[in-house]
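First the proteins, then the strands, lettered A, B, ... as listed; each starts at 1.
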Amino acid sequence: MDMKTDLGRGLLLKNPVMLASGTAAFGMEFEDFYPLEKLGALVTKGVSIDPIEGNPTPRIVETSGGMINSIGLQNPGARVFVEELLPQIRKHDFACVVNVFGYSDEGYKKVVEFLERSEGIDGYEVNISCPNVKHGGIQYGTNPEMTHRLVRELRSRTNRHLMVKLSPNVTDIMEFATACEEAGADSISLVNTLLGMAVDIETRRPKIARVVGGYSGPSIKPVALRMVYQVAKCVSIPVIGIGGIQSVKDALEFLLVGATAIQVGTANFYDPGIGGRLADELIQWLNRHGIDSLDDWIGSLEV
Amino acid sequence: MDMKTDLGRGLLLKNPVMLASGTAAFGMEFEDFYPLEKLGALVTKGVSIDPIEGNPTPRIVETSGGMINSIGLQNPGARVFVEELLPQIRKHDFACVVNVFGYSDEGYKKVVEFLERSEGIDGYEVNISCPNVKHGGIQYGTNPEMTHRLVRELRSRTNRHLMVKLSPNVTDIMEFATACEEAGADSISLVNTLLGMAVDIETRRPKIARVVGGYSGPSIKPVALRMVYQVAKCVSIPVIGIGGIQSVKDALEFLLVGATAIQVGTANFYDPGIGGRLADELIQWLNRHGIDSLDDWIGSLEV
Amino acid sequence: MKQLKLFLKDKKTWFDTAILEFLTEEKKALAVKPGMFFMLEAETLLKKPISVLDVDSRSGSLKFLIRRIGKGTSFLYDLKPGAELTAIGPSGNAFPDPEGRPVLLAGGGSGIPPMFFLSRILPKKTFHVVYGGQGKADIVPLFGKSIPHRITTDDGSLGLKGTVVKGIRKIMKDDPQFCKALLFSCGPEPMVKALTHAFPELNHYTSLERYMGCGFGVCLGCVVKTVNGIKRVCVDGPVFNTKDLGWNHGHED
Amino acid sequence: MKQLKLFLKDKKTWFDTAILEFLTEEKKALAVKPGMFFMLEAETLLKKPISVLDVDSRSGSLKFLIRRIGKGTSFLYDLKPGAELTAIGPSGNAFPDPEGRPVLLAGGGSGIPPMFFLSRILPKKTFHVVYGGQGKADIVPLFGKSIPHRITTDDGSLGLKGTVVKGIRKIMKDDPQFCKALLFSCGPEPMVKALTHAFPELNHYTSLERYMGCGFGVCLGCVVKTVNGIKRVCVDGPVFNTKDLGWNHGHED
Ligand SMILES: Cc1cc2nc3c(=O)[nH]c(=O)nc-3n(C[C@H](O)[C@H](O)[C@H](O)COP(=O)(O)OP(=O)(O)OC[C@H]3O[C@@H](n4cnc5c(N)ncnc54)[C@H](O)[C@@H]3O)c2cc1C
Ligand SMILES: Cc1cc2nc3c(=O)[nH]c(=O)nc-3n(C[C@H](O)[C@H](O)[C@H](O)COP(=O)(O)OP(=O)(O)OC[C@H]3O[C@@H](n4cnc5c(N)ncnc54)[C@H](O)[C@@H]3O)c2cc1C
Ligand SMILES: Cc1cc2nc3c(=O)[nH]c(=O)nc-3n(C[C@H](O)[C@H](O)[C@H](O)COP(=O)(O)O)c2cc1C
Ligand SMILES: Cc1cc2nc3c(=O)[nH]c(=O)nc-3n(C[C@H](O)[C@H](O)[C@H](O)COP(=O)(O)O)c2cc1C
Ligand code: FES
Ligand code: FES
């Protein structure tokens, strides 16, 4: 069974299973659960040029069928990433996509320029959609012109694969996808978290310190699937499906509506073995259904 | 316990529990489950000037923690509503809010003008947010200028309570709320359904005939709660909270973040007694917690 | 229509099918007729429509036949005696009373419950059951020898090899009173359509299946086009005369 | 760290608290130390962090004490012997080895498990337990007579009336070796802060609680500010020396 999937500009994955940014840290913790080589790719926790402390706790709360987080992009900064974490990641044979983040065009450019100097990075995922940062960040993902400008700037700075991660908190996701494609993105990943909120009626207080946070998990799958379907129809670059994937069935659904690869997010927390298992189960399922290659499955929805 | 809640312009509810449009038909079916008098208000299924047949089946599918529907605004039209259904509704003592819908400004104006000639309607809920109609409909709820224009037009045609129901499928919900307030709406209800999709990997087909539909139920509550919170902070007219309410706890959460009343939607399907029960349980809960009136609870979140 | 509690008294299984016997004291629930159904709690968000297989109002017993095909029906299949369920019902119209006329009862797979229920109350000798399935495992041994019935299986592993259409032809041949019988059917749509096609001359009532949101008429999820306009399968049906159905008039559904 | 199956062998309850004894053959799980915890499946989406109460590596038994306060802990409380659970662990560092020095073990409510575990392995006479709760129902009869322990309750319904602080003062008075003991604590944050405040001179390790997303270090949901930067409670803790914690240095958490 040919499970290889080509995201373009040299990012050829051995299979379509990726771990989503912020739900797998820098990968190492999963070694206890399966050989990391099973993965198509790991997307790192978001990396910014300078370290970020993140938001106060509580940062996480479970809701019906999902969770809300407000981590606030805590990360050790690009230097520590390159010096201490990247060498660890590079011991393993899978594609390493670095999720990057800045508070301004300047911030994004800086982190990409800095990372360009290091070997062993297979591509960038540009997070223009994180809802958890107070000053800046969010407006990129909700403004198509800013998105276009930023992607063009980054495109001119790297020959590595450039994936742009979209926010679902917009009226028209296709507008953003088109802006990214036109500005030179190699692929589009979606969705990031929905903006959500939870409150405690006993204490009369919000359940997370920053009041509003990012909603993820099985509950967001219908919305994510719809957006991936819409985007896959309207752009010609590869689309990576994210949102509530917790089983091989879920992964197959995203691939069916047109995703070239998928990312597992929240499910890593409650089922840390899922990444390795999905890689196997996809092959088994396609085999059992007489489908010869992953490519035959991708986008084969009949409407 | 004073459970009365004032939505403005004469729409004074005996309690804050309403049944949401499209999830309670015209109310009669619930008589078997509880005395309809227990309700604060009923919002009817969307009524248009002419009858609408609606979409092909399957129109409904369950997903994790929610459901997707694509009914397509099936309704018998304003004439049949006024002649056959309204008299039935008026046998009961609760506020009757008529959900109205048109494919264009003209359509909305016509249905309101037609309904203005009948007694026994306590207010209108203007559905500018239904995702299930192919030609038109959706662009109102995702375009603040069109929303403003439509609401102004309707405002000049009625002295009855004018509630506008917002779509959650937008980048900035507050922009729409403000447009409605400025155009003369008396209250704002939100949210309508999220756009979602479900597919069947065995048949490789969408699970609902129209491919994309409206996602509702417990899973959308965090998104709805966030939007109600945002809107209640930014407008000074009453806000009605809708989205995934299935228990007294859920209802209290919406009221806590600033809703003046709430609507129960999908839960009516699997727990038809909920409307009557909530009215009782709200009183009991507030009593048990030493809260003297509903007003003391509404918007009392500490952030 | 009621929201009521059911208590599982007994369960029997046959391959992927379970027969559940519940107890209830709710009078309205026990006044149920063949073709009616309940919405049963099934650990899913929405309740699941399941036809009544049999009722005994004296002992307060309600029986259902469940074929496990997904999440909800698997939950019901796995229930253990002692379990308590919430249900909504009884919903739906019922098959009309044949008033003594001969009637053919054609049930396919999990469409057999209303036919079994009818066979328990119709006068002997006025009816004949045809029970079809793909193979032996689909045919639950429901009918005793005293009930005139024919089994058909696609693979011939039990009864006549073929579909219910073949079964009916056979019955008609053996007993000509059934050549002009009423036809009552319940089963997969292709089966029902095949019956309409094969016996256009018969007065044919069928119980339709639709994905249901509520089961009591408010969601409009379960509609079907008929010559009398759009109808809700849950409350205007599930039993329709096939001559009224849209599919006989060029509609998709 | 492993994803493993646990089999419920036995359960005992005491008011709102249950003691669950599971069986496992997983070596890594049985090598657990006091202060470590497992993430237990609890019918919720996210697994729930629960400290180990006791372990017997020969019989393959792992014990937990569960206080039901919400959805997940109620599910665990209601489990019946024979149930099978998925767990992730063992997670976390452990309390340091006192190496024979005297140590005070202060546990409040559902914070008692690491203290009980310690009392099972520390040399006799080197430690004294203080077990605090609001009332009698919070105090599970865990400790036999041979284990030196003091019970305190806010309402005086069992043991000393007062908090664990009072209990410790009493122990210090009775046995001066504890005046310079190590202090190990686990319980509600107000209790731990009161201890830090009352005994600033003691070398005090505490096990922190945070809402946890993963329990193995990847989500960054469970962080705490320390003098050495931001740490994850699940893998860098849960045991911290209180002098390193942000709250001693003006931070919110
Ligand atoms: C009036 C009525 C009476 C019924 N009586 C019985 C009965 O007596 N015994 C019995 O076993 N079943 C009966 N059914 C069918 C039963 O309701 C469905 O099998 C059940 O709802 C499936 O739920 P699930 O959660 O197990 O499957 P899901 O997980 O929801 O679905 C599994 C698969 O079945 C398909 N499916 C689900 N529901 C339907 C449907 N209504 N029609 C066609 N395909 C569907 C889905 O698309 C999916 O492919 C009846 C249905 C109706 C409408
Ligand atoms: C390292 C560690 C070890 C633990 N060991 C044990 C143990 O041995 N025995 C035991 O009974 N419990 C223990 N707990 C606490 C236990 O994990 C929580 O009680 C449990 O997660 C609550 O889940 P729930 O679904 O029952 O409650 P929920 O329904 O999630 O919440 C109920 C209420 O409790 C609050 N709450 C939930 N989790 C926490 C938390 N972690 N901190 C503070 N408030 C919270 C919620 O905000 C809510 O108000 C431990 C926690 C940690 C972090
Ligand atoms: C705790 C947490 C932290 C996250 N951090 C990041 C991040 O740093 N950068 C990013 O692009 N997305 C981040 N995400 C979003 C996920 O990568 C993913 O897009 C989202 O959770 C939806 O997928 P899921 O439903 O499978 O979790 C985070 C998600 C969670 C739950
Ligand atoms: C089957 C169905 C039909 C609906 N029809 C309408 C409608 O006609 N007009 C309208 O404004 N909203 C309609 N809605 C939206 C609901 O009123 C409500 O806004 C939405 O379902 C979210 O609430 P819930 O999560 O409690 O269901 C419909 C929802 C469902 C599930
Ligand atoms: S199932 Fe809701 S109207 Fe029929
Ligand atoms: S709980 Fe996820 S990092 Fe600690």
Side-chain angles (χ1 to χ4, degrees), chain A residues 61 63-68 141-143 167-173 194-206 209-215 217-230 244 246 248-257 285 289 297 300-303, chain B residues 61 63-68 141-143 167-173 194-206 209-215 217-230 244 246 248-257 285 289 297 300-303:
Chain A
V61 71
T63 66
S64 133
M67 59 173 277
I68 298 174
T142 57
N143 179 319
S167 165
N169 302 295
V170 296
T171 309
D172 180 2
I173 193 80
L194 290 169
L195 283 171
M197 179 172 174
V199 295
D200 186 327
I201 54 171
E202 298 295 339
T203 61
R204 295 202 198 183
R205 294 176 55 80
R210 276 289 162 84
V211 187
V212 166
Y215 185 33
S219 287
I220 73 166
K221 195 184 72 175
V223 175
L225 204 60
R226 184 262 298 179
M227 290 190 165
V228 169
Y229 171 72
Q230 289 178 318
Q246 63 172 355
V248 68
K249 189 180 138 293
D250 297 329
L252 286 160
E253 289 174 9
F254 278 92
L255 297 165
L256 182 63
V257 304
W285 196 94
H289 286 72
W297 180 257
S300 67
L301 185 77
E302 291 162 35
V303 277
Chain B
V61 70
T63 67
S64 131
M67 60 172 276
I68 298 175
T142 57
N143 179 320
S167 164
N169 302 295
V170 297
T171 308
D172 180 3
I173 193 80
L194 290 168
L195 283 171
M197 178 172 175
V199 295
D200 186 327
I201 55 171
E202 298 295 339
T203 61
R204 295 201 197 184
R205 294 177 55 82
R210 276 289 162 83
V211 187
V212 167
Y215 186 33
S219 287
I220 74 165
K221 194 185 71 173
V223 175
L225 204 60
R226 184 261 300 179
M227 290 189 166
V228 169
Y229 170 73
Q230 289 179 319
Q246 61 172 355
V248 68
K249 191 180 136 291
D250 297 329
L252 286 160
E253 289 174 8
F254 277 92
L255 297 165
L256 183 63
V257 304
W285 196 94
H289 286 72
W297 180 258
S300 68
L301 185 77
E302 291 163 34
V303 276

Highest number of heavy-atom pairs under 4.5 Å with chain B: which of [options]?
options: H289(A), M227(A), K221(A), Q230(A); answer: H289(A)
options: G244(A), S64(A), A224(A), G66(A); answer: S64(A)
options: S300(A), G65(A), P218(A); answer: S300(A)

Could you report the tightest heavy-atom contact between [X] and [Y], atom names first, then the distance?
X: L301(A); Y: P206(B); answer: CD1-N, 3.9 Å
X: D200(A); Y: L256(B); answer: O-CD2, 4.1 Å
X: W297(A); Y: I201(B); answer: CH2-O, 3.4 Å
X: L225(A); Y: A198(B); answer: CD2-CA, 4.1 Å
X: P222(A); Y: T63(B); answer: CG-OG1, 3.8 Å

Please classify the contact between V223(A) and chain B as side chain, backbone, both or neither, with a heavy-atom cut-off of under 4.5 Å.
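Looking at V223(A), backbone and side chain both touch chain B.
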Expected output: side-chain Y215(A) to main-chain S219(B) donor-acceptor under 3.5 Å
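Judged by distance alone, yes, a pair lies under 3.5 Å.
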Considering only heavy atoms, which portion of V228(B) lies under 4.5 Å from any heavy atom of chain A: side chain, backbone, both, or neither?
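Neither; nothing under 4.5 Å.
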With respect to chain A, which residue among V211(B), T171(B), V170(B) yields the maximal number of heavy-atom pairs within a distance under 4.5 Å?
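Ranked by contacts with chain A, first place is T171(B).
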Considering only heavy atoms from C-beta outward, does the side chain of R226(B) approach that of N169(A) to under 4.5 Å?
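R226(B) reaches N169(A) side chain to side chain.
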